[in-house]
Amino acid sequence: MQFYSTNNPSLSVGLEEAIFKGLPDDNGLFMPLHLPVLPTSFTEHLSDFSFPDIAFTVAKTFLQGAIDDHALRGIINRAINFPAPLHALDEHSYVLELTHGPSLAFKDFGARFMAEMMAYLHPHQEKEIVILVATSGDTGGAVAAGFYQTPGIRVVILYPAGKVSPLQEKQLTTLGHNISALEINGTFDDCQALVKRAFLDKDLTQAIRLSSANSINIARLIPQSFYYFEAFKQLPKSNQPVVFAIPSGNFGNLTAGILAKRMGLPVDKFIAATNANRVVPDYLQSGTYKPTVSVRTLSNAMDVGNPSNFARMQNLYGSTWNNMRSDVAGFSFTDDETEAAMREIDQRYKYIIDPHGAVGYLALRAYQKNVDPSSVGVIMETAHPAKFLEDVERILEKKIEIPARLKELENREKVATSMQPEFETFKNWLFEQYG
């Protein structure tokens with residue numbers, strides 16, 4: 001299994017280097033040199049397989065023998081040990097609940113799989129690994145839970161001060177042990193820029209073995225493709241086109257869906273659902289990509305002004321924007337529209353959805369109204385509504401149940417280092433801690 005850089009197709013590395021390095025030296029992103037296609041006998045009979053069986057088959061096909069079957073089965077069984085149930089709103093719209101993992105967010109799938117992969121491959125490594133993670137909300141909690149107390153691995157989580165929910169912040173800052181949190185006085189884009197620059201700094205990379213657990217790491221995208229197959233399995237059999245509405249920030253989740261389609265899953269369309277940070281929907285309309293400073297919104301995990309995985313999307317579709325438009329539609333919505341959607345879903349369907357899922361709901365409704373009324377849509381519910389407790393209760397004007405694993409965080413003490421978004425300060429801190 002070989003991977004190339006989106007900035008240099010002639011560069012080729014193996015699985016271990018792609019995972020542990022995170023980013024190529026040329027600041028591109030790793031992509032599989034060859035993406036195999038699953039047999040139609042598998043995709044046509046998904047209902048015959050359990051979720052772990054589906055995950056194993058997809059991973060085995062993707063990795064092409066890079067990990068032996070017995071070890072891979074163990075990695076899958078330990079990482080994908082919670083469900084992804086499909087909830088019907090009506091006969092044309094469903095919610096895929098990706099909220100049943102340890103941190104109650106979809107990123108548990110990627111973080112746990114990546115942690116297991118690194119733990120399996122780590123005996124081949126001599127130096128302690130320091131994983132750098134930029135988070136706009138959910139990534140940090142999932143990575144913290146996934147890598148907690150993993151031998152030989154340290155995790156540093158960078159998050160924007162005041163721009164994550166209180167319970168999200170507790171997930172990032174209360175574990176201790178091998179998990180450290182940096183509260184950056186800036187935006188998510190500032191956090192992401194610090195992480196990317198660290199990987200390109202020769203002084204740092206020579207002294208410290210750095211890796212990333214953001215969706216810039218290819219190991220995060222592989223398992224996120226699993227639940228597209230699992231969702232498709234649970235849909236009623238029909239000849240109607242299937243579309244996925246994906247709340248999108250850094251676009252790793254949507255990119256994983258595209259990989260699933262390239263491997264043979266018969267998806268008709270992906271719907272990029274964004275808040276006011278609408279760089280990709282604007283690109284799909286105009287053909288011009290214009291990164292911006294991110295804007296703070298109710299759906300904070302999507303507050304990204306320059307999504308990293310757009311480079312992978314461009315790589316998959318080439319430089320002609322119409323190629324991407326054939327597979328991806330884009331819509332954006334305001335906070336007022338998001339709040340109205342949350343109330344509508346609660347009142348109409350007796351279902352409580354978080355702000356990110358509500359953006360997905362709006363995008364699906366817009367697509368079905370304006371593009372294809374015959375489609376059956378799956379909304380990715382990416383985080384449990386209790387993670388945004390104050391906003392959800394305010395909007396719905398009622399109390400909601402808090403899962404025990406979140407409630408136990410309320411009285412834990414936050415431990416985080418406050419820092420300005422200045423690279424030299426960040427670099428010096430890394431040397432002091434790990435150099």
Side-chain angles (χ1 to χ4, degrees), residues 36-63 67-89 93-117 119-120 138 142 145-146 215 218-238 242-247 252-267 270 357 360 376-384 403 405:
V37 177
L38 290 152
T40 54
S41 59
F42 172 73
T43 53
E44 289 175 356
H45 297 91
L46 288 170
S47 59
D48 294 342
F49 301 97
S50 68
F51 189 13
D53 286 341
I54 288 172
F56 172 73
T57 301
V58 175
K60 177 182 176 180
T61 303
F62 188 100
L63 295 172
I67 295 179
D68 73 77
D69 287 359
H70 178 74
L72 183 58
R73 175 65 78 171
I75 288 169
I76 293 293
N77 289 345
R78 291 187 295 273
I80 314 299
N81 60 358
F82 50 93
L86 198 67
H87 177 89
L89 296 180
S93 54
Y94 298 80
V95 176
L96 183 67
E97 296 181 348
L98 302 173
T99 61
H100 295 271
S103 77
L104 306 176
F106 80 101
K107 296 178 181 182
D108 284 321
F109 292 93
R112 287 170 64 81
F113 179 84
M114 184 177 175
E116 290 291 341
M117 288 280 282
Y120 170 74
D138 287 324
S215 58
I218 191 67
R220 274 277 308 279
L221 297 193
I222 298 169
Q224 288 179 202
S225 68
F226 300 162
Y227 47 70
Y228 284 90
F229 292 88
E230 176 67 6
F232 206 94
K233 177 188 83 175
Q234 297 175 66
L235 286 170
K237 300 287 186 184
S238 77
V242 174
V243 300
F244 283 87
I246 307 154
N253 205 8
L254 195 149
T255 303
I258 295 169
L259 294 179
K261 180 172 182 175
R262 293 289 177 93
M263 292 184 72
L265 190 68
V267 180
F270 297 100
V376 172
V378 177
I379 302 156
M380 298 299 208
E381 172 61 326
T382 55
H384 195 286
R405 71 190 81 170

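Here, residue 1 is the first one in the sequence, and each next residue gets the next number.
For G360 against A245, the heavy-atom pair with the smallest separation is O-CB, 3.4 Å. The two atoms that bring S103 and D108 nearest to each other are OG-OD1, 2.7 Å, heavy atoms only. Heavy atoms only, all atoms of each residue included: P36 and M263 are closest at O-CG, 3.4 Å. Shown here for S215 and R220, the closest heavy-atom pair between the two residues is N-NH1, 3.4 Å. The two residues L98 and A84 make their nearest non-hydrogen contact at CD2-CB, 4.0 Å. Of all heavy-atom pairs between S225 and V58, the closest is OG-CG1, 3.8 Å.
The NE2 atom of H100 sits 7.5 Å away from the NE2 atom of H384 when rounded to the nearest 0.5 Å. Note: L259 CG to L265 CG = 11.5 Å, rounded to the nearest 0.5 Å. Atom CD1 of I54 and atom OG of S47 lie 9.0 Å apart (nearest 0.5 Å). Note: L89 CG to Y94 OH = 9.5 Å, rounded to the nearest 0.5 Å. Note that the CD1 atom of I258 and the CD1 atom of I246 stand 7.5 Å from one another [nearest 0.5 Å]. The structure places CD of E97 at 11.5 Å from CG of L104, a figure rounded to the nearest 0.5 Å.
Checking side-chain atoms of R78 against main-chain N and O of R112 turns up no donor-acceptor pair under 3.5 Å. Side chain of E230 to main chain of L96: no donor-acceptor pair is present (N/O by atom type, distance under 3.5 Å, no hydrogens or angles). At least one donor-acceptor pair closer than 3.5 Å links the side chain of Q234 to the backbone N or O of L86. Proximity of a side-chain donor or acceptor of K233 to a complementary backbone N or O of L46 within less than 3.5 Å is not detected.
If you run side chain to side chain contact (heavy atoms under 4.5 Å, CB included) between E116 and each of L72, I80, I75, only I75 comes through.
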Exercise. Any chance you could lay out the side chain to side chain contact (heavy atoms under 4.5 Å, CB included) test for I222 and L63, step after step, and finish with the verdict?
Key: CA-CA 9 Å; I222 298 169; L63 295 172; 4.0 Å; yes
Exercise. Apply side chain to side chain contact (heavy atoms under 4.5 Å, CB included) to the pair I67 and M117, showing each step before the final yes or no.
Key: CA-CA 9 Å; I67 295 179; M117 288 280 282; 3.3 Å; yes
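When ring centroids are compared, F244 and Y228 come within the 6.0 Å threshold. The aromatic ring centroids of F42 and F49 lie less than 6.0 Å from each other. Note: F109 and F82 meet the aromatic proximity criterion, with ring centroids under 6.0 Å apart.
Under the 4.0 Å criterion applied to side-chain N and carboxylate O atoms, D68 and R73 are not assigned as salt-bridge partners.
Residues T43 and F229 are in side-chain contact: their nearest non-hydrogen atoms beyond the backbone lie under 4.5 Å apart. Inter-residue side-chain proximity for V378 and F232 is flagged as unmet; no heavy-atom pair is nearer than 4.5 Å.
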